There are 2 protein chains.
Amino acid sequence: MSHLTDIKESLTTAGLKATQQRLVILDSVHQMGNHPNVEQIYAAISDSNPSISKATVYKTLETFVSAGLLSKVSTHEGQMRYDPRMDNHGHINCANTKEIIDYYDEELNEMIVSFFRKKKVSNLKIKNITLQINGDKIDPLKEIQIK
Amino acid sequence: MSHLTDIKESLTTAGLKATQQRLVILDSVHQMGNHPNVEQIYAAISDSNPSISKATVYKTLETFVSAGLLSKVSTHEGQMRYDPRMDNHGHINCANTKEIIDYYDEELNEMIVSFFRKKKVSNLKIKNITLQINGDKIDPLKEIQIK
DNA sequence: CTATTTGCAAATAATTTGCAGCTGG
DNA sequence: CCAGCTGCAAATTATTTGCAAATAG
């Protein structure tokens, strides 16, 4: 079973019609992985799908967010980016390279989740809690390591 | 010593000319407190300062962020908001009311900071680490309590 | 079939820019 | 004085909308 079949299935499971445009757009966000913005997604698909309009990309991405298939990440630069990971993970925001890098640590996550479980939170329905690590990459060409 | 004198001093300490516009804008962000966006800041000052242009508000706010006098907060709605608090605090993001509420807990902060102190972080200069608590206010008219 | 979805072009919103004139130190 | 700041209007960028045609189920 190809990954496109999986993508198709996730669309129908979410109650969305599996149109060609949606398949292409959702697949590309998964393929890209770098928290792309609308422009980047549009550029990535345009070559092989010149008829998909940018308005469709905008609408479709919002549809996916509402349907719980993607999440929306905003940077300190103010543009919206899209993230295929729906689990409770954090982001490393590099101001200089504009990269957004996923960060997840089991122990840290457990620490934060249990902290809020112990608290009495009233009048707020928490959807998720995420950590934003803001900084600058020292060598833009190398990877960041946290271990 | 009035708070305007303090505002003036923080400008000069930051190496910025204490112009009338800057005094008014920086003061208003401190007075407002609700993580206002550009439009709200502009509206708040326009009555008493009709000659201050919106472009100046934009430029001035960016100047303050660069100078470390304000921080920039982005919501899941993609617009930039400004925050006079420069310490390491988190934000509760209410999707339904669009409010951004400061959250700080000494114990939680210490937990997170010490977690990253123990980690080997390479190729990243961390500026700050913030927590985003995303959710919906249950009763929009009442306060959120976490204790 | 028919309710949704898409593409287009136009509208709106958000932000930036260039530049001449003003002003704080 | 004069480097840096401001105001204006125009430019750019980001996003949304209305509507007729296309299409998945």
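Note on naming: letters A, B, ... go to the chains in the order of the sequence lines (proteins, then strands), and numbering restarts at 1 for each one. Given the structure is predicted, the values throughout are model-derived calculations rather than measurements.
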- Message: Same cluster or not: B/Val121 versus B/Ile129, using hydrophobic residues (I, L, V, M, F, W, Y) connected whenever any side-chain heavy atoms lie under 4.5 Å apart?
- Response: yes
Nucleotide [N], atom [atom2] - distance to [atom1] of [X] in whole Å:
{"X": "B/Ile45", "N": "D/dT6", "atom1": "CD1", "atom2": "P", "answer": "11 Å"}
{"X": "A/Met80", "N": "C/dA14", "atom1": "CE", "atom2": "P", "answer": "14 Å"}
{"X": "B/Arg22", "N": "D/dG7", "atom1": "CZ", "atom2": "C1'", "answer": "14 Å"}
{"X": "A/Leu23", "N": "D/dA24", "atom1": "CG", "atom2": "P", "answer": "10 Å"}
{"X": "A/Glu39", "N": "D/dT13", "atom1": "CD", "atom2": "C1'", "answer": "9 Å"}
{"X": "A/Leu11", "N": "D/dT23", "atom1": "CG", "atom2": "C1'", "answer": "15 Å"}
{"X": "B/Gln40", "N": "C/dA14", "atom1": "CD", "atom2": "C1'", "answer": "14 Å"}

- Consider only side-chain N and O atoms of B/Tyr82 and B/Glu62, and report whether a donor and an acceptor are under 3.5 Å apart. yes
- Answer yes or no: does a side-chain N or O of B/Thr19 lie under 4.0 Å from OP1 or OP2 of D/dT6? yes
- Query: B/Gln21 side chain: which of C/dT4, D/dC5, D/dG7 is closest?
  - Reply: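 For the B/Gln21 side chain, the nearest candidate turns out to be D/dG7.
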- Task: Output the single nucleotide from C/dT5, D/dT15, D/dA3 whose closest atom is nearest the side chain of B/Lys17.
- Result: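 Closest of the options to the side chain of B/Lys17: D/dA3.
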- Item | Ring geometry between A/His35 and A/His91 (parallel below 30°, tilted from 30 to 60°, perpendicular above 60°) | perpendicular
- Item | Of residues 50-69 of chain A, the positions that come close to DNA chain D - non-hydrogen atoms, cut-off under 4.0 Å |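 Per residue number, the list reads A/Ala55, A/Tyr58, A/Lys59.
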Kindly list each side-chain donor-acceptor pair under 3.5 angstrom involving residues 139-146 of chain B, sequence neighbours excluded, with atom names and distances?
| from | atom 1 | to | atom 2 | distance (Å) |
| --- | --- | --- | --- | --- |
| B/Asp139 | OD1 | B/Leu141 | N | 2.9 |

- Closest approach of A/Cys94 and A/Thr97, non-hydrogen atoms and distance? CB-OG1, 3.2 Å
- Exam field: side chain B/Arg22 to backbone B/Thr60, donor-acceptor pair closer than 3.5 Å: no
